[in-house]
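Proteins get letters first, then strands, A, B, ... in listed order; numbering begins at 1 in each.
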Amino acid sequence: MSAFSVNILVILALGAIFIASSWYISKKVSTADDYISGNGKLGVAFGTTSLLAFWITGNTIMAAPEAAYGMGVIGAIAYSFLGGVAVVAFSPLGKRIHAIIPNGKTIGDFYKNRFDKKNYYFFLFMVFIYIFGLLMTQGIGGGLLLEQTFHIPYELAVVLTFLIVIIYASMGGFSSVTGIAFFQVMLIFVVVIVVPPIVYFNTGVAPIYEGIQKLAPEKLDLLLPSGILFMFAGAMMGIGEVFMDNTFWQRAYAVRKEKLMSIFSLAGIGWFFVPLATATLAFVAIGTDQAPEQVNQVAPYIAEIYGGEFVSWVFLVGVWSALASTIAAILNSLVSLILNDVYKSINPNADNKKLLKMAKVLTVVIGVLALLISLPKFLTMLQMLIFLGVINAAFVFPIIYGLFWKKLNADVSFWAAILAVIGGYIAYYTIGSLQGVVVSGWISFLVCWIGSLVKPANYDWEKLYRVGAVQEVTRK
Amino acid sequence: MMAFWITASILLFLIVIASTFGPMVGLYGEMEYTSKKEGVGQDERFFG
């Protein structure tokens, strides 16, 4: 049997397991709230793994070794830092969200009630662009990854991945996505725990270190300027992504209040080691002077040379699980936003049955739309992520100050976000992509901070506290 | 020029971290909300 057929069979078998598990989980989903945000009692295990499953993308496993191959040790550390620190930084926000909006469902609930209509609509517009862009990066990135590395044609890879995810995500919504995430993270960890040690048992650690010292000593430099900029500008991008992403807000609402800090901190620390472990494979490539045709294939390339076919399949399982779990989480997060913040505004009297049906229809429609848009290969994953990073950074301070500081003025918040997006994109196109993210973050900070000191508001937190309760009473 | 962008990104990162974890040491002194509902007080103590 050819490698192509075996790879397809591996994906179909995994997909069948995910769909069957989702069907079982979906039997317990009876309300629209269960479908979009769970029941608010997600414990440490499922809470942490659902965060990890979303946040460990195909990029985490493949692009971290690419960063390490290009920038050496600091590249590996920087990539791990930018994603890990973002989740840890969200933990105090998550606790605050749970405390002041105990019955909230989406980030839209916060924006609608903390600020005014112009802020809310502008944010919704930008967040839809961001989430849809992210969904496409996963589709396009996943298709490219499976085509280049595992010899599955791009179109077939995208169609198979999206179809399987649409089927299992539409069955039980949030409950299915978080339930299956547990198994997906276990599969991803197999890659992280098994593959690098197998490779290093075969090569030895000392020969690799000596090889790097001899062939590319600059890759051992921990103060490489491009690596340092990537580390901190990248962290700003990661933090903005986490703070603005409804996927994290859904989990902040869904997990148990007393476990929230530990869940987010554990997920951030756990995430840190995933790219770090896979990035170590790039050191083997540097130390043995072996280079794949395309640099983003460095990890599976080295794994196959020193681990053989078995390790190659382990890689496929891990990478595909990472892709599927991320696409499913984004899909469910976008459906939750549309259902909660758009559909309920249009149909405020829709009953539970109608809402649940609409949630399932939306999952299929958005999934198919994302599939169709992902079919043409028009952008790389990293380009798209940094491009969206300008938008993410613009909303960091309106969100932080909006949650903690009652002096933050709604007008100031609106202008901070708009000016940061404009200024960020000017810098993006005239200076550099990472510089665009930094400029966006600085404008967001300065306008929010100075503006609120000059024209302070006196926000009443009670308004946010009543959000969910008001919705519940209205719907009853 | 690279040194400028590195400094700017590190400073911005530190500001974000101080702003998110700052409530633990009372950064936003006036953040309390007026609700007396059960469970609210616990969080207020936590965030200073």
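Applying the 6.0 Å contact sphere to NZ of Lys455(A) captures no more than 12 heavy atoms from other residues, nucleotides or ligands.
Both the backbone and the side chain of Val88(A) have a heavy atom closer than 4.5 Å to some heavy atom of chain B. Interface remark: Val438(A) contributes backbone and side-chain atoms alike to the contact with chain B (heavy atom separation under 4.5 Å). Heavy atoms closer than 4.5 Å to chain B are found nowhere in Leu434(A), neither backbone nor side chain. Interface residue Ala89(A): backbone and side-chain heavy atoms are both found under 4.5 Å from chain B. At a 4.5 Å heavy-atom cutoff, the contact between Leu229(A) and chain B is made by backbone and side-chain atoms alike. Both the backbone and the side chain of Ile10(B) come within contact range of chain A, with heavy atoms under 4.5 Å apart.
Not counting sequence neighbours, the partners of Ser19(B) by the side chain to side chain contact (heavy atoms under 4.5 Å, CB included) test are Phe397(A), Ile400(A), Tyr401(A), Ile15(B), Tyr28(B). For Met1(B), the side chain to side chain contact (heavy atoms under 4.5 Å, CB included) test picks out Phe4(B), Trp5(B), with sequence neighbours left out.
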- Message: Using the rule given for ring-ring contact (aromatic ring centres under 6.0 Å, His included), can you reason through Phe395(A) versus Phe123(A), listing the C-alpha separation, both sets of side-chain angles and the distance that settles it, and then say yes or no?
- Response: CA-CA 8 Å; Phe395(A) 286 94; Phe123(A) 175 78; 5.2 Å; yes
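Using modelled atom types, one side-chain atom of Thr430(A) and one backbone atom of Ile426(A) make a donor-acceptor pair closer than 3.5 Å.
Partner of Phe90(A) under the side chain to side chain contact (heavy atoms under 4.5 Å, CB included) criterion, out of Asp245(A), Ile97(A), Leu260(A): Ile97(A) alone.
Listed options Gln435(A), Met236(A), Met231(A) were ranked by heavy-atom pairs under 4.5 angstrom with chain B; first place goes to Gln435(A).
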